[in-house]
Trainee: 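Mind having a look at this structure? Questions to follow.
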Number of protein chains: 2
Amino acid sequence: MTDTPTEDLAVADSRFLKALVSLIRADDRNGTRDGWSDERMLRDFVLTKEDRKRIPIVGNPDPDTVTRMELFHKAAALSAERETGVMADLMTKISHEGFGRLVLIGGKLCVYSRHLRDIHRFGFPSRAAIDEAGEKVVAEIIETIKAAPDLAKS
Amino acid sequence: MTDTPTEDLAVADSRFLKALVSLIRADDRNGTRDGWSDERMLRDFVLTKEDRKRIPIVGNPDPDTVTRMELFHKAAALSAERETGVMADLMTKISHEGFGRLVLIGGKLCVYSRHLRDIHRFGFPSRAAIDEAGEKVVAEIIETIKAAPDLAKS
């Protein structure tokens, strides 16, 4: 992250961040975030080094943190779907210590798999960093689907 | 199930039931079932029509029922592994109403997928029926792996 701008990336300038914000808004069933700006919707995804250090990594991860981690990966699946037409389903397995596994499944293909650790501190130093990490996941999903498109669509 | 024998299938005569019992024993961490016969280990998997009707299908499924449903599918994965060499990881997503999805993932291949409903009443009329249903899952896993062995081993 050498060239993170002092003025952080605007949501409108990032396909990934737009997808993520749309999913957060869809998840906000009680409307407690009505009227929030796109940037404000991402506030809890941005953690400074100091924020991260303050979060204890014992016990169960905060359910809101788990939700954010899932929404991040759903946004990657959604962005990849727009290019590939493959809709992937998220499944997670999280142990009480914050370890686990997350997969995205499209048809018979596991289009993305990640072993989870340290979920308690899920977050990014900036919106630009969310975008960068998200686009990396999107690229991996697309590459995996392109290697076995028939299975992904089966 | 037209020819379920009055004397039900012995565990020793079924590859699938043997795998299932070995997993139940491994899961019995407190040793509360030490000394139980193989057949007794499967008692909770066998439900008569009347047993099934007595189980309410509202609210959360009993955690023990979910565990049995998972062990059943893990036994199928284990039996298939012995033929294919592919070790598959179980992941489940269960909503509070007892609906959900269960998958087995080997490498990048989703070797088995099942949409779940009515988990509350997971069970079989006899041990022979467990064996039959289990072998059906085993056959499906093996067929899926044989169609894309490289992905399953990746």
Side-chain angles (χ1 to χ4, degrees), chain A residues 23 26-27 29 60 63 66-67 69-74 76-77 80-81 84 86-117 119 137-154, chain B residues 23 26-27 29 60 63 66-67 69-74 76-77 80-81 84 86-117 119 137-154:
Chain A
L23 292 177
D27 194 55
R29 292 181 204 89
N60 287 328
V66 174
T67 299
M69 199 263 306
E70 294 189 342
L71 287 171
F72 171 84
H73 290 93
K74 282 182 183 172
E81 183 187 346
T84 61
V86 172
M87 198 168 72
D89 188 28
L90 178 89
M91 296 187 74
T92 45
K93 181 158 82 171
I94 296 171
S95 79
H96 54 280
E97 300 96 357
F99 284 77
R101 186 181 182 187
L102 174 152
V103 294
L104 290 166
I105 298 166
K108 285 188 175 163
L109 191 64
C110 179
V111 301
Y112 184 77
S113 173
R114 177 177 168 181
H115 286 278
L116 303 168
R117 58 185 193 89
I119 302 172
V137 176
V138 175
E140 190 176 329
I141 296 170
I142 292 172
E143 190 188 3
T144 305
I145 291 172
K146 282 189 173 162
D150 294 347
L151 276 170
K153 284 165 188 170
S154 66
Chain B
L23 292 177
D27 194 56
R29 292 182 203 89
N60 287 327
V66 174
T67 299
M69 198 263 306
E70 293 188 342
L71 287 171
F72 170 83
H73 290 93
K74 281 182 185 173
E81 182 187 347
T84 61
V86 172
M87 198 169 70
D89 188 28
L90 177 89
M91 297 186 74
T92 45
K93 179 157 83 173
I94 297 171
S95 79
H96 56 278
E97 299 95 357
F99 284 76
R101 186 181 182 187
L102 174 151
V103 294
L104 291 166
I105 298 166
K108 285 188 174 162
L109 191 64
C110 179
V111 301
Y112 184 77
S113 173
R114 177 177 168 182
H115 285 278
L116 304 168
R117 57 184 195 91
I119 302 171
V137 177
V138 175
E140 190 176 328
I141 296 170
I142 292 172
E143 190 188 2
T144 305
I145 290 172
K146 282 189 174 163
D150 294 348
L151 274 170
K153 284 165 188 170
S154 65

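What's counted below: heavy atoms across the whole structure, side chains too, no hydrogens, waters or symmetry copies.
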Trainee: What residue pairs, at least two apart or across chains, pass salt bridge (charged side-chain N to carboxylate O under 4.0 Å, His left out) with a residue in residues 97-112 of chain B?
Mentor: Asp89(A)-Arg101(B)
Trainee: With a 4.5 angstrom heavy-atom cut-off, could you sort out which part of Thr92(B) is near chain A: side chain, backbone, both or neither?
Mentor: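 Only the backbone of Thr92(B) comes within 4.5 Å of chain A.
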Trainee: Can you see which heavy atom on Ala148(A) is nearest to which on Leu151(B), and at what distance?
Mentor: CB-CD1, 3.8 Å
Trainee: What distance separates Met91(A) CE from Leu90(B) CG, expressed to the nearest 0.5 Å?
Mentor: 8.0 Å
Trainee: Quick check: closest heavy atoms across Cys110(A) and Gly107(B), and the distance to 0.1 Å?
Mentor: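 Of all heavy-atom pairs spanning Cys110(A) and Gly107(B), the closest is CB-O, 4.4 Å.
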